Amino acid sequence: MKFAKTYEPNEYEPVAYALWEGEESFEPSGKGEPYSIVMPPPNANGNLHIGHGLVTALEDILTRHHRLAGRDTIWIPGADHAGFETWVVYERELEKAGTSRFNFSREELYAQVWDFVHAKRGDMELQLRALGASCSWSDLVFTLDEKVIKTVYKTFQKMWSDGLIYRGEKIVNYCTTHQTSFADIEVDHKDEKGRLWDIAYPLSSGEGEIIVSTTRPETMLGDTAVAVHPKDKRYKHLVGKTVKLPLTNREIPIITDEYVDMEFGTGAVKITPAHDPNDFEVGERHNLPLIQVIGLDGKMTREAGESYAGLSVLEAREKVLKDLESGALSREDKELIHSVGHCYKCGSIIEPMVMDQWFVNVKPLAKRAIEALENGEIKFTPASKGSVLIRYLENLKDWNISRQIPWGIPIPMFKSEAGEWIFDDRVEQETIEVNGVTYTRDNDTLDTWFSSGQWPFITTDYLDSDPNLDKAGDARRGSPQNRSSQSEAILGADRAAGPASSLSRFYPLDVMETAADILFPWVSRMIMLGLYCTDQVPFKHVYLHGLVLDAHGQKMSKSKGNVINPMEIIAEYGSDAFRLGIVSSRSAGQNQAFSLSKVIAGRNLCNKLWNIARFVQSTLGDDFKPTKSKVDDGPISLAENWLVGRLAASKRKIDADITHYRFAEAAEEVYRVVWNDVADWYIEASKMGNSPDLMATVLEFCLKLIHPFAPFVSETIWQNLSWTDSVLCTETWQQLPAYNKEKAAEFEQLQQLVSELRLTLNELPSGKKKLLYKDDNLIENNRELVKFLTRLSEIEQVSKPQGLHLATTGREVWLDIDQKTIKTYKADLEARLKTIQNEVSALKARLANESYTQKAPARLVQESKDSLTEKEQIASKLINELSNIT
RNA sequence: GGGGUUAUAGCUCAGUUGGCUAGAGCGCACGAUUCACAUUCGUGAGGCCGUAAGUUCAAGUCUUACUAGCCCCACCA
């Protein structure tokens with residue numbers, strides 16, 4: 001016997017995975033219609049968390065399902081340099097070592113982080129293997145691979161030429177701790193209690209004052225105006241005059257702007273264009289000067305005044321309030337709840353800062369994306385996310401792609417002394433010379449989403465192959481002077497020589513499966529950049545999964561200590577159990593709890609399957625080989641005919657579920673068919689007689705059904721069977737033999753009989769029971785089977801039956817028991833009669849309703865009638881039986 | 001402020017275009033048993049499907065309002 005008594009996942013899983021890798025089972029077959037998924041690249045130097053566990057399970061199910069279906073399937077793995085995330089980790093390492101980023105050049109830092117990441121890289125890939133990911137390892141892409149950078153620069157250059165990337169001095173979100181700017185979407189807004197202070201600004205003329213309300217008094221040092229609403233009558237007479245800014249005595253004008261809310265505070269707002277996004281816009285409209293009073297280090301600048309320079313923002317606030325106490329602070333401060341932006345990594349308050357940065361003009365990109373979405377070119381699961389995305393795109397503002405961190409793709413832009421910017425990809429040089437002019441490199445790096453937004457066509461090498469985009473050009477490098485129609489040429493620049501990539505057939509992707517919370521930062525970018533660079537949507541479907549919460553529905557977090565590590569679950573229950581468990585009880589887009597009981601159920605299913613295999617192999621014998629071709633070897637017994645029908649129906653249901661991304665339902669169906677149909681009925685019945693070849697076919701079919709969900713146990717069994725010599729992972733579906741529907745229906749009748757008998761026997765006192773029947777061919781022909789399934793001591797045909805008539809079975813059968821026992825059973829019978837009578841009267845009432853009989857479909861009406869007749873018969877038999885009990 | 005989403009058994013969740021008796025896993029109760037499996041087998045008890053109204057022959061499912069929760073977006077000094 002090749003099958004050990006118990007299935008030990010930890011023992012078999014690595015063996016199965018090694019087999020797959022050795023056989024190159026995950027490489028695309030090159031045959032059939034392409035099917036492609038690209039993995040959202042996990043952090044190269046991190047560990048996988050439970051969310052990755054879900055991603056991997058879902059994407060692997062899709063991949064294996066389609067591979068089994070004969071598609072030319074690829075699942076492209078990736079590893080993310082995770083720009084800012086990794087940088088934060090590395091900066092902490094530097095800190096631990098007692099040094100800081102400021103002691104190294106950009107090149108040194110880049111090299112250090114590279115080594116740091118590569119030293120830690122690999123864990124993540126091992127963990128993906130432990131999860132059973134059947135991804136094509138030879139096609140793995142790291143987000144800093146040469147081909148990534150090459151494509152990203154092409155895109156950058158094209159966008160620069162098209163005027164979609166521009167240099168702008170704008171107000172950006174800035175973390176003074178990490179000393180980098182962020183995109184709007186990276187800022188974490190929290191409602192916080194703040195204080196609102198009223199400060200009197202005296203008019204320059206010396207007569208009167210205007211009181212402004214602010215939550216940030218320290219920024220008044222950078223005020224360049226006071227604004228009121230143009231319709232505000234209270235201040236009409238003051239508009240155009242100037243005030244003397246307290247503490248600095250600078251004169252600033254009183255202006256009007258629609259932005260001001262008359263209802264809020266005093267209705268007069270101090271305007272600090274350098275440190276508030278709204279004020280910045282007001283400043284632009286009114287040509288106000290910018291005075292930067294907070295530096296990039298979070299300290300007050302010299303412009304803030306001698307006595308404030310060098311103070312932190314909070315220290316400056318204290319001092320300003322103190323200095324104002326002499327009179328300008330006009331009233332008691334008030335509390336208010338307002339939203340404050342924080343760095344999503346360290347929690348520092350985000351300072352709006354005016355900086356020179358690279359921006360993407362998103363309007364044209366978003367417009368095209370919206371059109372594609374409205375045309376239904378991409379289907380979303382759940383569907384509502386499509387319209388959510390459209391709304392987001394409609395309101396999208398220009399995108400800051402500059403980051404002041406060394407770990408990332410360098411921005412390929414150089415500036416001359418005269419302030420002229422040019423594109424050049426020689427980023428390894430600090431200065432370059434073009435036509436005798438020296439240009440200096442911009443030291444910033446690109447926002448990671450700018451490169452990962454191009455992931456679908458980068459990973460499939462699409463730009464290197466599409467003949468439509470391959471318009472050879474010689475414009476290797478562009479400058480802003482000739483920003484004409486270069487862009488088309490640029491993309492084709494150095495492609496003409498290269499061979500067409502074999503992966504390009506996989507673009508656009510069939511499905512992009514990812515977390516719902518990166519719909520905006522990632523999915524939106526992929527759609528915009530995909531359309532822009534390839535003229536088509538990057539994927540046909542988007543499936544979004546929600547957060548995996550802890551067992552009580554709480555978000556997992558290190559601080560709460562409720563983090564569940566998928567590797568620990570795998571170590572205890574096995575990878576298959578983890579996959580089955582995490583996929584169950586979960587629907588698209590929904591944040592749902594992780595339930596260990598589902599993992600346990602999954603483990604039990606693996607055990608059940610293992611034991612089915614043990615039973616089958618031992619029944620067939622250790623040297624079994626099928627004698628006939630599988631298709632010809634049809635079912636013989638009633639149970640076999642029934643089971644073949646069930647398997648076919650089950651496969652249809654699972655196919656439909658997967659097509660509609662109903663993973664949990666598909667997994668539930670696998671569980672049901674293996675456990676209930678195969679183990680509980682077919683295997684049990686087969687103990688009373690079976691067709692060996694069919695039994696082998698049934699097992700094979702089950703293994704294929706379950707393989708996408710539980711690849712390890714199914715492959716391990718496949719490898720151990722005496723008659724298989726292939727790899728299950730790369731198998732395709734076989735046809736099931738034909739079956740006889742009448743025989744299948746007869747088996748269902750037997751099932752009903754067995755169930756009724758079991759129920760009745762359960763209610764009766766224990767002991768051996770004999771079943772009597774009069775004329776019943778079904779029972780006659782299946783006497784041994786019924787006896788075995790119900791544990792009856794004997795089944796006999798008699799001419800004069802006696803004992804308890806089992807009316808609810810709908811058959812002429814009796815349990816041979818004495819009157820005394822029957823009497824004890826009377827109450828149960830009465831209860832059952834009552835239930836049936838209730839059903840009868842409900843049916844009668846329904847059929848008495850003319851609206852129902854006239855308007856409901858005839859099929860339903862007929863069903864009601866049939867059901868009524870049947871139940872009335874059983875009821876009358878029960879009444880008859882009860883009357884016989886004395 | 002805007003948008004999304006959820007409410008079904010003790011717990012975690014299914015329930016697709018309305019169709020009659022609302023399902024699963026785990027848990028619980030009762031019973032069984034040792035030759036596929038105690039990670040087992042059989043049986044059962046648990047549900048005014050959040051509240052109120054409406055549409056319909058028929059509503060867990062559709063509509064409206066309400067209540068409670070969760071999530072996302074947003075610059076309110």
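Letters A, B, ... are given to chains in the order of the sequence lines, protein chains preceding strands, and every chain is numbered from 1. Keep in mind it's a predicted model, so treat the numbers as computed, not measured.
- Taking atom C1' on both nucleotides, B/A58 is separated from B/C72 by 38 Å, rounded to a whole Å.
- Shown here, B/C11 forms a base pair with B/G25; the pair counts as Watson-Crick or G-U wobble because both key distances fall under 3.5 Å.
- As judged by a 4.0 angstrom heavy-atom cut-off over every strand, A/Arg662 is placed among the base-contacting residues.
- Figure legend. B/G42 is base-paired to B/C30; pairs are counted as Watson-Crick or G-U wobble with both atom distances under 3.5 Å.
- Taking atom P in both B/C11 and B/C49, one finds a spacing of 16 Å when rounded to whole Å.
- Partner assigned to B/C49 is none, using Watson-Crick or G-U wobble distances below 3.5 angstrom.
- Taking a cutoff of 4.0 Å between a charged side-chain nitrogen and a carboxylate oxygen, A/Lys397 and A/Asp184 do not qualify as a salt bridge.
- We find that A/Lys653 and A/Asp657 are joined by a salt bridge, their nearest charged nitrogen and carboxylate oxygen being less than 4.0 Å apart.
- The residue from A/Ile370, A/Val388, A/Val362 that alone fulfils the side-chain contact (heavy atoms from CB on, under 4.5 Å) condition with A/Leu393 is A/Ile370.
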*asked:* Does the protein touch nucleotides 53-59 of chain B at the base, only the backbone, or not at all? Give it as B, S and - per nucleotide, heavy atoms under 4.0 Å.
replied: ----B--

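- With a 3.5 Å ceiling on both atom-pair distances, the Watson-Crick or G-U wobble partner of B/C62 is B/G54.
- A/Glu684 comes within 4.0 angstrom of a nucleotide base, judged by non-hydrogen atoms across all strands.
- Using a cutoff of 4.0 Å between basic side-chain nitrogens and carboxylate oxygens, A/Glu863 and A/Arg859 are scored as salt-bridged.
- Counting non-hydrogen atoms under 4.0 angstrom, A/Arg758 reaches the backbone sugars and phosphates but no base.
- Classification of A/Glu870 and A/Lys865 as a salt-bridged pair fails, no side-chain N sitting under 4.0 Å from a carboxylate O.
- Using C1' as the reference atom, B/G46 and B/G1 are 44 Å apart when rounded to the nearest Å.
- Looking at heavy-atom distances under 4.0 Å, A/Ala593 makes contact with sugar-phosphate atoms alone, never a base.
- Residue A/Ser595 is classed as a sugar-phosphate contact, given heavy-atom separations below 4.0 Å to backbone atoms only.
- Comparing B/G25 with B/C20, their C1' atoms sit 27 Å apart, to the nearest whole Å.
- A/Arg216 and A/Glu351 are joined by a salt bridge, as a carboxylate oxygen and a charged side-chain nitrogen come within less than 4.0 angstrom of each other.
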*Produce a footprint string for nucleotides 69-77 of chain B: one letter per nucleotide, 5' end first; B if the base is under 4.0 Å from any protein heavy atom, S if only the sugar-phosphate is, - if neither.*
--SSS-BSB

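- Looking at A/Lys385, its side chain has no donor and acceptor atom pair within 3.5 Å of the base of B/U5.
- Across the strands present, B/A68 finds its partner in B/U6; the criterion is a Watson-Crick or G-U wobble pair with both atom distances under 3.5 angstrom.
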